[in-house]
Amino acid sequence: MVHPEPNEMDPPNGVAVPLQPPRRTPPAWKIHGALILAQMLFGGGSVVGKLGVSKFNPILFAFIREGSAGPLLCIMAYMKERALPNPRHLWWFLVTGIFIFANQLCFIVGIKLSNAVVGSAWQPSQAIMVTAIAIAIGWEKATFFKITGILLAFGGACFIVFYGARMQSGSAELAGNILYFFNCLGTALYVICAKPMYKYYPPMSITAWSYITASVMMAIACLIANNVDPLYHFICDDCPHGSKWNVPTSAIFALFYWILLNSVGAYLLITWGNTYADASLTLAYTPLQPATSAILSFILISAGIKGKLEEPGLNILGVIGIFIGLAAVIYDNRKSQKTEQQKSRISYVKVSSVVGDAEGKDGSAEFMIGMDDSQDPAE
């Protein structure tokens, strides 16, 4: 997806869109804390969702989640930010909505067919996809630590997924892993495509209106699945006869968790963090998802709450690679921040020097202050 030029986003008749005023960057610990909490909520959601979709149509589960979270997010966003989409931007919310729809549909059906820890272990691949796309379109620079860290995290996640796995062609396990791939791709594309909108809308509004379009698409997907019997029986082979539109009581807690914590809480945290962090750093904490899922699964199984949960085996050792990779990405981000700060200080010293030498030479100091750091003074 190509980053839209500013004139593509302008409304008709030459009326300027009120750009958002420059935001003061929050402390680094708040940005990192928001991203960590979001990923831990997602990791817990994998386990809760696996228990919730037992004998329950997963697409109906997703539709109820989207249909509830979308309006709730819109109400919250309007009360807080009083921002409504410009008609010229509706197509962009359609694009981000498509990617949220694909992400969530593939994940919940994947959880139904596969298991929770495997679903969470796939999530670090989002950072690889985001970085590859961001580098390809020139938004970010490839660095040794960034690429190495993400590959290490992905390698650890692959170890969790494939060590000791037995997947046959046409099996539910194989289908679940294919869906997890598209789930991660959808999330990565949402992060990339939402980035340009921060110039025009606050983070909560972007999430809210993207969710509304996603909920409409989920309603269509639910109607199709419930009227195509072979598809329905494949994704819900344990559902009782005549229960296509039934919501079992065992799914109520999972629905509340996914609506309030996954859909509202975690997505708002990620969207807010994406405002201040690089696109790849926004998803660099995804390795926390399999760790959270594995630990929560172990605790629930030990407590006798098993359902269709599977206790992690030796494949959980892949978490070691995940955390080493995570440390490398964080180190690279901090290194980049320090470099930028040093450049800013050097620029300030240069400007101060010019101001000192420019007494009586009107305009020279003003000229240097107005230049971008990368701009050639001769231009």
Side-chain angles (χ1 to χ4, degrees), residues 38-73 100-123 172-173 175-177 179-180 183 186-187 211 214-215 218-219 221-222 225-226 231-267 289-312:
Q39 299 302 335
M40 292 181 68
L41 288 174
F42 282 137
S46 299
V47 177
V48 173
K50 180 66 177 180
L51 295 172
V53 296
S54 178
K55 299 182 180 181
F56 184 26
N57 180 353
I59 302 183
L60 178 58
F61 181 99
F63 169 60
I64 295 173
R65 173 201 184 184
E66 299 295 309
S68 301
L72 180 60
L73 283 168
I100 284 186
F101 160 74
N103 147 40
Q104 299 187 359
L105 175 69
C106 292
F107 187 70
I108 192 62
V109 177
I111 278 185
K112 179 73 175 184
L113 300 177
S114 183
N115 67 67
V117 177
V118 167
S120 293
W122 263 100
Q123 304 311 302
E173 187 72 19
N177 278 272
L179 288 170
Y180 287 143
N183 150 245
T187 303
Y211 249 90
S215 64
M218 198 67 74
C222 190
N226 281 358
L231 175 61
Y232 174 79
H233 291 302
F234 179 74
I235 64 174
C236 197
D237 59 349
D238 63 343
C239 293
H241 179 72
S243 63
K244 291 181 178 180
W245 296 101
N246 290 348
V247 179
T249 55
S250 59
I252 300 298
F253 174 76
L255 282 169
F256 272 105
Y257 184 102
W258 276 53
I259 292 168
L260 299 178
L261 298 182
N262 272 26
S263 294
V264 178
Y267 263 89
Q289 290 194 38
T292 304
S293 293
I295 293 171
L296 184 57
S297 295
F298 178 79
I299 293 173
L300 291 177
I301 292 173
S302 299
I305 306 173
K306 182 174 176 61
K308 290 190 175 182
L309 295 177
E310 298 180 17
E311 192 172 279

- Query: Would one find more than 12 heavy atoms of other residues, nucleotides or ligands at under 6.0 Å from atom NZ of K55?
  - Reply: no
- Minimum heavy-atom separation for G70 to Y211, with atom names? CA-CB, 3.9 Å
- Query: With sequence neighbours left out, which residue pairs that include part of residues 247-262 fulfil the side chain to side chain donor-acceptor pair (under 3.5 Å) condition?
  - Reply: none
- The disulfide bond (SG atoms under 2.5 Å apart) partners of C236 (sequence neighbours excluded) come to C239
- In chain order, what residues pass the side-chain contact (heavy atoms from CB on, under 4.5 Å) check against L296, with sequence neighbours excluded? V47, L300
- Task: Answer yes or no: is there a side-chain heavy-atom contact under 4.5 Å between L105 and M218?
- Result: yes
- Item | Minimum-distance pair of heavy atoms, taken over all atoms of G43 and S293 | O-OG, 2.7 Å
- Angle class for the Y180/F107 ring planes (parallel below 30°, perpendicular above 60°, tilted otherwise)? tilted
- Pairwise side-chain contact, L260 with L72, heavy-atom cut-off 4.5 Å (strictly under): yes
- Item | Those residues that, when tested against S114, pass side-chain hydrogen bond (donor to acceptor under 3.5 Å, both in side chains) (two or more places apart) | E173
- From CG (L179) to CD1 (I235), nearest 0.5 Å: 10.0 Å
- Note on the structure: With sequence neighbours left out, the residues meeting ring-ring contact (aromatic ring centres under 6.0 Å, His included) with F63 are none
- Message: I'd like to check the side-chain contact (heavy atoms from CB on, under 4.5 Å) partners of S68; sequence neighbours left out, ordered by chain and number.
- Response: I64, I259
- Note on the structure: Heavy-atom nearest pair, K112 first then K50, reads O-NZ, 3.5 Å
